[in-house]
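The block underneath contains the structure these notes are about, expressed in structure tokens.
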Amino acid sequence: MIDLRLVRENPDLVRASQRARGADESLVDALLAADAERRAAVKAADDLRGEQKAASQAVRKASPEERPAVLERAKALAAQVKQAEEAERTADAALHALHLRIPNVVHPDVPPGGEDDAVEIRTVGELPAYDFEVRDHLQIGEALGAIDMERGAKVSGARFYFLTGPGALLEFALAQLAITRAVAAGFIPVIAPALVKPEAMEGTGFTGEHDEEIYRVERDDLYLVGTSEVALAGMHAREVLDLSAGPRRYAGWSSCFRREAGSYGKDTRGIIRVHWFDKVEMFSFCAPEEAEAEHRRLLQWEEEFLQLLELPYRVVDIAAGDLGTSAARKFDIEAWFPSQGAYRELTSTSDCTTFQSRRLAIRSRDADGKPQPVATLNGTLCAIARTIACLLEVHQRADGSVHVPAALRPWLGGHEVLTPGMSLTAVAAPGLPA
RNA sequence: GGAGGCUUCGCCUAGUCCGGUCUAUGGCGCCGCACUGCUAAUGCGGUUUGGGUUAAUCCCCAUCCCGGGUUCAAAUCCCGGAGCCUCCGCCA
């Protein structure tokens, strides 16, 4: 949630942010009114409680003769306090409900507009040219024995898949490369839970407008995460972190689950948009004043990863109307999918400033030693299924084989190419005993 | 799934049986000051978090795992829940 002091002191800034998002501007004034009401209710209840406390002491000290009268007064006050506390709770709940409905304040440099108004920042890598008819990743994957959609549907339904043979090995290779890179950059590797409590989901801002996107396990009141960001952010809920040595960075691996409600008919083919995939996610806790620089660093790590995979891509600055609830700013990296002749989102990094940490009560001590909300940032290092799809397409060859980028070879037995029908028995990490 | 134990202001801890200056004790750590050639030791003072109020200080309210209840009054009594530990059962 956003900083209430900002709303009080600079409501126009928040109104402008709401406008930029295409969200309801009047919420800001409703919030201000609710805030004033809550403060009045708090003051009334506090004052009454103070009186009651004194009265309660008086009961104890009263002589036997005056005791009945004093007790009478204390009882009356107790009843008033009860009423005042009820009013306080109501006012507080009203404020909280409004507070939760307001998304993060957008960064001033965010481009205006909606989904189609992302601004291209740069393109990197040469678009490949093919002197044969380009196949899509599913055709290539099926020929390689790497992807089995039909049986995925048989077992789990639409948008489920099996990764088999070289596909399964590719998943591990990508995960290894991602985690290895992240650890080398100073990230703490984490295997995060994929089922979380409602609190963690709410804290990261996913339950509001994205509710339809989330799998819920009713019986146990748990959610399946759509990204390990949820667990990683929740990891330090209600803690005071020591960030004096710089940002605290985690690289989390987890399965991710998405209902994809409302995307019927979109990307129905292959493993570009699926209900479940595995992902290595970067997550950073840092001082608010460092957030923008950290955001650029996350973006850079994402770019380096795609460069290692030899995938051409472009970086886009997401427009205000297309930002998630928690994000003040978001950069996507879109990689080239030859079968579509288009760039498609492969990774995404968001600066959530103090929005998530305020909800989750994640703080660090400022220069005065006072706990203050930290900034949280997240970025995809590798969304594995979609990355496999992109790799297969970009690195395809006329004979149905697929070029293996050098960076992945250590985990694919040193093979420079994946070929239909190849034997996997030789695929082992070099240096391991046979 | 069953039985028992535990949870106090950074860490440890007193207090809970028997409700009332608990405005929560003490130790460690940390910060400041004094003493000291310097350090150590010692002494004195400070040190939970959130909210309200304020120009700021002061002050006020809440906070003893969480949520209810009883009471004029709850760390303390009652009910519900969470987490941790031990044992039994089951299990990869």
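In the text below, chain A, chain B and the rest are named by the order of the sequence lines, each starting its count at 1. The model shown is predicted, which means the values in this text are computed figures rather than measured ones.
Taking atom P in both B/rA41 and B/rG32, the straight-line distance is 15 Å, to the nearest Å. Annotation: B/rU13 and B/rC18 have their C1' atoms spaced 23 Å apart (nearest Å). When the P atom is used for both B/rU71 and B/rC66, the distance is 23 Å, rounded to whole Å. Using C1' as the reference atom, B/rC78 and B/rC87 are 29 Å apart when rounded to the nearest Å. Taking the P atoms as reference points, B/rC30 lies 10 Å from B/rA40, given to the whole Å. Comparing the same atom, P, in B/rA82 and in B/rC17 gives a spacing of 26 Å after rounding to whole Å.
Using modelled atom types, one side-chain atom of A/Thr387 and one backbone atom of A/Ala383 make a donor-acceptor pair closer than 3.5 Å.
Under a cut-off of 6.0 angstrom, the local environment of CZ in A/Arg151 is sparse, with at most 12 non-hydrogen atoms contributed by other residues, nucleotides or ligands.
To the nearest angstrom, C1' of B/rG29 lies 15 Å from CG of A/Asp242. Atom CD in A/Glu9 sits roughly 13 Å away from atom P in B/rU54 (whole-Å rounding). Between A/Asp221 atom CG and B/rG83 atom P there is a gap of 12 Å when expressed in whole angstrom units. A/Asp220 has its CG atom 12 Å from the P atom of B/rA82, to the nearest Å. Atom CD in A/Glu199 sits roughly 15 Å away from atom P in B/rA82 (whole-Å rounding). Residue A/Leu48 contributes atom CG, which lies 17 Å from atom C1' of B/rG51 at whole-angstrom precision. The CD-C1' distance, from A/Glu37 to B/rG51, rounds to 18 Å in whole Å. Between the NZ atom of A/Lys370 and the C1' atom of B/rU47 there is a distance of 13 Å, given to the nearest Å.
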Please step through side-chain hydrogen bond (donor to acceptor under 3.5 Å, both in side chains) for the pair A/Glu229 and A/Gln356, ending with a clear verdict.
CA-CA 11 Å; A/Glu229 170 193 346; A/Gln356 294 178 328; 2.9 Å; yes

Base versus backbone protein contacts along nucleotides 60-81 of chain B [heavy-atom cut-off under 4.0 Å; B, S, -]:
-SS-------S-BS--------

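Across all strands shown, B/rC44 is found opposite B/rG32 as a Watson-Crick or G-U wobble partner, with both distances under 3.5 Å. Pair assignment for B/rG4 gives B/rC85, based on Watson-Crick or G-U wobble hydrogen-bonding distances that are each under 3.5 Å. Base-pair partner of B/rC22: not found among the strands shown (Watson-Crick or G-U wobble, both distances under 3.5 Å).
With sequence neighbours excluded, no residue forms a side chain to side chain donor-acceptor pair (under 3.5 Å) with A/Thr380. For A/Glu85, the side chain to side chain donor-acceptor pair (under 3.5 Å) partners at least two apart in sequence or on another chain are A/Arg49. With sequence neighbours excluded, the residues that form a side chain to side chain donor-acceptor pair (under 3.5 Å) with A/Gln307 are A/Tyr313. By the side chain to side chain donor-acceptor pair (under 3.5 Å) test, A/Arg181 is found to be paired with A/Glu304, residues two or more places apart in sequence or in another chain being considered. A/Pro247 meets the side chain to side chain contact (heavy atoms under 4.5 Å, CB included) test with A/Arg249, A/Ser284, A/Cys286, A/Glu290, A/Glu294, A/Arg297; sequence neighbours excluded.
A/Arg363 comes within 4.0 angstrom of sugar-phosphate atoms only, judged by non-hydrogen atoms across all strands, and of no base.
Summary of the strand contacts: A/Lys197 and A/Arg38 both lie near RNA chain B, and taking for each the nucleotide with the nearest heavy atom, the more 5' one is attributed to A/Arg38.
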